[in-house]
Amino acid sequence: MSLNKKKDSAIELTGKVTKGSFSKGSKSEHTAMYLETKEGSFVLRRTGGNPFADPSLQKLEGKTVTAKGVLDNKTFYATEMKVQTDKEE
């Protein structure tokens, strides 16, 4: 899959939601949620969600999701997310 990185182009990604450090060693350092996909690892944010602590995303940690949204560099802004069941993975 070729990832289109235009801000106005919606794409769909499937991967595992994980937690990790972001901007380690900088003033912006914080724990962020990531979407680990075959295409790469992307900071995961919900459109309109808190960028530093989003309880909705934290509940998804360890789960595999299919998300629709916009990729901007290494940040994926999800507009829709669906947790995959064992049958769908």
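Note that these values count all heavy atoms, side chains included, but never hydrogens, waters or copies made by symmetry.
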- Task: Could you go through the side chain to side chain contact (heavy atoms under 4.5 Å, CB included) check for F42 and T75 one step at a time?
- Result: CA-CA 5 Å; F42 306 101; T75 301; over 6 Å; no

- Should V65 and T14 be marked as a side chain to side chain contact (heavy atoms under 4.5 Å, CB included) after you check the CA-CA gap, both sets of side-chain angles, and the distance that decides it? CA-CA 6 Å; V65 300; T14 299; over 6 Å; no

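Side-chain contact between L60 and V83: present, with at least one pair of heavy atoms (C-beta onward) separated by less than 4.5 Å. In this structure the side chain of F76 never reaches within 4.5 angstrom of the side chain of V43, judged on heavy atoms. Counting heavy atoms from C-beta on, the side chains of Y77 and T47 come closer than 4.5 Å.
Considering all non-hydrogen atoms of both residues, A10 and V70 come closest at CA-CG2, 4.4 Å. Between P55 and A53, the shortest heavy-atom distance links the atoms CD-O, 3.4 Å.
Partner of V17 under the side chain to side chain contact (heavy atoms under 4.5 Å, CB included) criterion, out of M33, M81, K63: M33 alone.
Separation of atoms NZ (K19) and CG (L57) is listed at 11.0 Å; rounding is to 0.5 Å.
In terms of the side chain to side chain donor-acceptor pair (under 3.5 Å) criterion, residue partners of S41 (sequence neighbours excluded) are, by chain and number, E36.
In this structure, Y34 contributes its side chain and K16 its backbone to no donor-acceptor pair below 3.5 Å.
For the 3.5 Å distance criterion, the side chains of Q84 and T66 qualify, holding a donor opposite an acceptor.
Among residue pairs with one or both ends in residues 48-62, those qualifying as side chain to side chain donor-acceptor pair (under 3.5 Å) are R46-D54; sequence neighbours excluded.
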